[in-house]
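Quick caveat, the model's predicted, so the values are computed rather than measured. Lettering of chains follows the sequences in order, A, B, ..., and the numbering in each one begins at 1.
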Number of protein chains: 2
Amino acid sequence: MSILSKQEELILLAVWRLHDEAYGVKIRKYLIEVTGCDISIGGIYVPLDRLVRKEFLQAYQGEPTPERGGMSKRYYKLTSEGVEALQEARRVHETLWEGLPQPSFSSG
Amino acid sequence: MSILSKQEELILLAVWRLHDEAYGVKIRKYLIEVTGCDISIGGIYVPLDRLVRKEFLQAYQGEPTPERGGMSKRYYKLTSEGVEALQEARRVHETLWEGLPQPSFSSG
DNA sequence: AATATTTATTCTACAAAATAGAAAAAATAC
DNA sequence: GTATTTTTTCTATTTTGTAGAATAAATATT
């Protein structure tokens with residue numbers, strides 16, 4: 001397969017979109033909103049850890065915020081490898097989808 | 001997760017692209033070419049079977065051809081559910097990638 | 001100051017998907 | 001009839017994804 005699994009790609013995209021607000025709970029909320037699918041807690045943290053181990057993401061501990069509650073946030077940012085992986089994913093998508101009309105069902 | 005796994009999505013796209021030439025070996029060649037990744041034989045046939053079971057694809061046995069060799073080809077075509085799944089996948093991709101510049105690495 | 005509530009991550013057993021490639025099948029070529 | 005080619009089938013193993021309880025750490029409430 002390609003270098004990124006599906007969940008990994010979604011998470012890298014979310015990290016990129018969320019800039020300096022990219023931590024577990026926010027990433028999960030964002031992806032549930034965009035995909036319309038319920039994603040379990042593990043569905044975020046498990047691949048996040050994997051992405052750090054693979055060095056597509058770098059993690060750093062957040063400072064306490066004025067809001068109530070919670071363990072200290074663990075923020076993530078893309079590494080250069082992470083950026084390259086996303087660029088590659090985009091290239092593949094564009095090739096696959098390019099020039100295709102809305103797919104339609106040809107019965108027969 | 002979403003309704004399609006990564007490999008399933010790639011295969012549906014390949015089936016759609018290949019029209020009446022969508023059978024295992026061709027699908028594999030096409031996806032290796034587009035993704036630049038080596039995909040094992042199982043990496044095609046295992047998800048193909050799953051897609052038929054899930055009714056995103058319909059399979060039909062091919063007639064013998066003038067070319068030499070091979071078991072009779074098993075061709076695939078999208079069902080209406082398969083088309084819908086692809087349309088949904090496209091919608092999600094467009095939302096995720098829309099308006100994003102080429103991702104770049106912000107060190108810091 | 002206890003207790004409740006909220007926000008957040010960690011952990012881990014289980015399920016689903018992907019990988020790898022040998023084996024089998026079926027055809028033509030020599 | 002033996003070799004070669006093209007194709008699918010099969011299946012054990014590894015990798016990924018899922019589910020959600022447990023834990024942690026902060027503020028709010030009484």
Got a donor-acceptor contact below 3.5 angstrom from the [X] side chain to the [Y] backbone?
| X | Y | value |
| --- | --- | --- |
| B:K6 | A:L4 | yes |
| A:T79 | A:Q58 | no |
| A:E88 | A:A85 | no |
| A:Q7 | A:P47 | no |
| A:R74 | A:Y60 | no |

If I take atom [atom1] in residue [X] and atom [atom2] in nucleotide [N], what distance separates them, rounded to the nearest angstrom?
| X | N | atom1 | atom2 | answer |
| --- | --- | --- | --- | --- |
| A:R53 | C:dT10 | CZ | P | 13 Å |
| B:Y75 | D:dT6 | OH | P | 14 Å |
| A:K73 | D:dA26 | NZ | P | 12 Å |
| A:L48 | C:dA8 | CG | P | 14 Å |
| A:D49 | D:dT15 | CG | C1' | 15 Å |
| A:Q61 | D:dA24 | CD | P | 15 Å |
| B:R74 | C:dA25 | CZ | P | 16 Å |
| B:M71 | C:dA27 | CE | P | 10 Å |

| task | Starting from the C-alpha separation in whole Å, work towards a yes-or-no answer on side-chain contact (heavy atoms from CB on, under 4.5 Å) for A:L78 and A:F56. | result | CA-CA 6 Å; A:L78 292 170; A:F56 289 129; over 6 Å; no

| said: Within a 6.0 Å radius of atom CD on B:E98, are there more than 12 heavy atoms belonging to other residues, nucleotides or ligands? | reply: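 12 or below, so no.
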
| Strand-adjacent residues in residues 17-31 of chain A, judged by heavy atoms under 4.0 Å from DNA chain C |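 DNA chain C contact set from residues 17-31 of chain A: A:Y23, A:G24, A:V25.
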
| Got a sec, which residues hit salt bridge (Lys or Arg N to Asp or Glu O under 4.0 Å) with A:E81, two or more places apart in sequence or on another chain? |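 Counting only residues at least two positions away or on another chain, A:E81 forms no salt bridge (Lys or Arg N to Asp or Glu O under 4.0 Å).
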
| task | Sugar-phosphate atoms are those with a prime plus P, OP1 and OP2; base atoms are the rest. Using that split, label each nucleotide of nucleotides 15-22 of chain C B, S or - for protein heavy atoms under 4.0 Å, 5' to 3'. | result | --SSBBBB

| task | For the residue pair B:Y23 and B:Y75, categorise the inter-ring angle as parallel (less than 30°), tilted (30 to 60°) or perpendicular (more than 60°). | result |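 B:Y23 and B:Y75: perpendicular rings.
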
